[in-house]
Amino acid sequence: MSDNKAKIKENFKDIDKKIIVLSNKGGVGKSAISINLAYYLAEAGYKIGLFDADLHGPSAVKAMGLEKETVKSDGEKIMPLQKGNLKVISMASFIESEDSPLIWRGPMKMKAIQQFAGDVKWGKLDFMIVDCPPGTGDEPLSVVQLFDGIDGGVVVTTPQDIALLDSRKAVNFLKELNVPILGVIENMSGFKCPHCNKNIDIFKEGGGKKAAARLYVEYLGKIPLDINVVESMDKGLDLFKEFPQTPAALQLNKIGKKIRESLKVILKENGK
Ligand SMILES: Nc1ncnc2c1ncn2[C@@H]1O[C@H](COP(=O)(O)OP(=O)(O)OP(=O)(O)O)[C@@H](O)[C@H]1O
Ligand SMILES: [Mg+2]
């Protein structure tokens, strides 16, 4: 094992389960799902780390309302930002301004991921959730290669016919790298009209479910288009605290429970 991998292994020794969230297409809701899954699990009492592996388009810090906070060091390691039970590290905390592009090639990206993994004081976590940029490029590959085992991969897609094509690449990426697949989530699935209460399938319906069946992986559920998802991310709010009864939060609850149960992480304090 390389020195870097050994260092990461040592730094991750108190992390119970690691989950990677990916998709082939951009803008399908990976970050929304990673962040809200993190909130859901933190709310349930778990200790969570959110690892924002999207180096070019980091969104976790702003979406959690932590963009004004600076990352500090304890003299030895970088301290992640923290919101309750939830720790987060993101490239957004290290770039000069929101407008500065990150112009890096593969090896530099791998180095950054190495540092987020090996040099950040993550401490004891029940779950680490890794939010990836779209596609199956340098960042998810570095994460899978550098981390000492990923316990589960979540593939996010939208409901259109293209979902199958989109999910296939992400699912095959996980299969080829021997990452156990937790399942496919169909996001932006349906929208309840606030005026007439009828459901409108803006991006059609069922693509994620069909893709999961065709690829022989679990279907974790669907999340509707919901203005409160956008609102909570734009304002840095916790969806479950602010809008617990909103349709997306209710669905995310079910999906979070499935993931929690399939990874069998028992909360010692209250047996949840
Ligand atoms: N279920 C939903 N209902 C309404 N808006 C949503 C939903 N899911 C995500 N969004 C919004 O859609 C936009 C894109 O979502 P998000 O940033 O999570 O996608 P992504 O897959 O992470 O994108 P990227 O590929 O750029 O990383 C955001 O503004 C987010 O708030
Ligand atoms: Mg994203």
Side-chain angles (χ1 to χ4, degrees), residues 19-40 50-67 88-93 95 98 101-102 109 113 116 129-140 143 153-160 162-163 166-167 169-170 173 184-194 199-209 211 220-240 242-256:
I19 300 171
I20 187 166
V21 179
L22 71 165
S23 74
N24 199 51
K25 261 195 318 159
V28 296
K30 292 173 295 300
S31 301
I33 288 171
S34 301
I35 293 164
N36 286 309
L37 196 57
Y39 279 140
Y40 165 80
L50 183 61
F51 188 114
D52 187 356
D54 191 343
L55 305 174
H56 294 284
S59 51
V61 161
K62 170 145 185 12
M64 289 173 63
L66 299 172
E67 71 274 25
V88 58
I89 203 84
S90 171
M91 191 46 98
S93 305
I95 45 185
E98 274 185 36
L102 186 80
K109 292 197 257 182
I113 287 175
F116 281 3
I129 298 171
V130 186
D131 178 20
C132 288
T136 49
D138 290 316
E139 296 86 340
V143 166
V154 172
V155 173
V156 181
T157 189
T158 42
Q160 300 95 321
I162 194 89
D166 186 38
S167 316
K169 291 184 188 167
F173 171 85
V184 173
I185 299 176
E186 180 175 307
N187 190 29
M188 306 188 178
S189 182
F191 172 73
K192 199 171 182 189
C193 170
N199 185 62
I200 309 166
D201 289 324
I202 296 177
F203 296 129
K204 297 175 87 174
E205 200 261 333
K209 191 174 190 175
L220 290 168
K222 60 180 178 181
I223 302 165
L225 272 168
D226 184 335
I227 184 72
N228 290 322
V229 172
V230 184
E231 194 73 357
S232 60
M233 283 176 80
D234 282 355
K235 294 193 174 150
L237 303 171
D238 180 337
L239 183 77
F240 294 97
E242 304 295 329
F243 313 105
Q245 293 306 319
T246 203
L250 296 175
Q251 283 305 110
L252 276 156
N253 242 301
K254 289 189 197 158
I255 293 171

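Just follow the structure's listing: the first ligand is 1, and inside any ligand the first atom is 1.
Interface of L225 with ligand 1, defined as ligand atoms under 4.0 Å from a residue heavy atom, comprises 3 (N), 4 (C). When each atom of ligand 1 is checked for a heavy atom of G26 under 4.0 Å away, the hits are 25 (O).
The two residues A60 and L50 make their nearest non-hydrogen contact at CB-CD2, 3.9 Å. Nearest heavy atoms, P159 versus S189: CG-CA, 3.7 Å. Pairing each heavy atom of L220 with each of I255, the nearest pair is O-CG1, 3.2 Å. Taking both residues in full, the closest heavy atoms of M64 and I35 are given as CG-CG2, 4.1 Å, listed atom of the first, atom of the second, then distance. Here the shortest heavy-atom pairing between N253 and F240 reads ND2-CE2, 3.8 Å.
In terms of protein heavy atoms, atom 12 (O) of ligand 1 is closest to M188 CE, 3.6 Å. Closest to atom 29 (O) of ligand 1 among all protein heavy atoms lies V230 CG1, 4.5 Å. What sits closest to atom 30 (C) of ligand 1 on the protein, heavy atoms only, is M233 SD, 3.8 Å. The nearest heavy-atom contact from the protein to atom 19 (O) of ligand 1 is G29 N, 3.0 Å. The nearest heavy-atom contact from the protein to atom 18 (O) of ligand 1 is A32 N, 2.8 Å. Closest to atom 25 (O) of ligand 1 among all protein heavy atoms lies K30 NZ, 2.7 Å. Regarding atom 27 (O) of ligand 1, its nearest protein heavy-atom neighbour is D54 OD2, 3.4 Å. Nearest to atom 8 (N) of ligand 1 among the protein's heavy atoms is N187 ND2, 3.0 Å.
Distances from atom 26 (O) of ligand 1 to the heavy atoms of G57, S31, G27 put G27 nearest. The residue from P247, S232, P58, P224 that puts a heavy atom closest to atom 1 (N) of ligand 1 is P224. For atom 7 (C) of ligand 1, the nearest non-hydrogen atom from the set V28, V229, L239 belongs to V229.
Remark: side-chain polar atoms of N24 are not paired, donor with acceptor, to backbone N or O of A170 under 3.5 angstrom. Proximity of a side-chain donor or acceptor of D166 to a complementary backbone N or O of T157 within less than 3.5 Å is not detected. Judged by distance alone, the side chain of N228 and the main-chain N or O of F243 form no donor-acceptor pair under 3.5 Å. Judged by distance alone, the side chain of Q251 and the main-chain N or O of K222 form a donor-acceptor pair under 3.5 Å. Using modelled atom types, no side-chain atom of D54 and backbone atom of C132 make a donor-acceptor pair closer than 3.5 Å. A side-chain donor-acceptor contact under 3.5 Å links D52 to the backbone of S59. Put simply, the side chain of E186 gets close to the backbone of K209: a donor and an acceptor are under 3.5 Å apart.
Judged by the shortest distance from any of its heavy atoms, S189 lies outside the 4.0 Å radius around the atoms of ligand 1.
Of all the heavy atoms of P133, none lies under 4.0 Å from any atom of ligand 1, so neither backbone nor side chain is involved. Neither the backbone nor the side chain of D131 comes within contact range of ligand 1; no heavy atom lies under 4.0 Å.
In terms of polar-atom proximity, defined here as any N/O pair under 3.5 Å, D226 does make such a contact with ligand 1.
Within the protein, the number of N, O or S atoms lying under 2.8 Å from the Mg ion (ligand 2) is 1.
Other residues, nucleotides and ligands place no more than 12 heavy atoms under 6.0 Å from the NZ atom of K169.
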With side chain to side chain contact (heavy atoms under 4.5 Å, CB included) as the test, would you mind laying out the steps for I162 and K25 before giving the verdict?
CA-CA 10 Å; I162 194 89; K25 261 195 318 159; 3.8 Å; yes
Using the side chain to side chain contact (heavy atoms under 4.5 Å, CB included) rule, take Y40 and L252 through it: C-alpha gap first, then chi angles, then the decisive distance, then the call. CA-CA 8 Å; Y40 165 80; L252 276 156; 5.9 Å; no
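Counting protein heavy atoms under 4.0 angstrom from atom 4 (C) of ligand 1 gives one or more.
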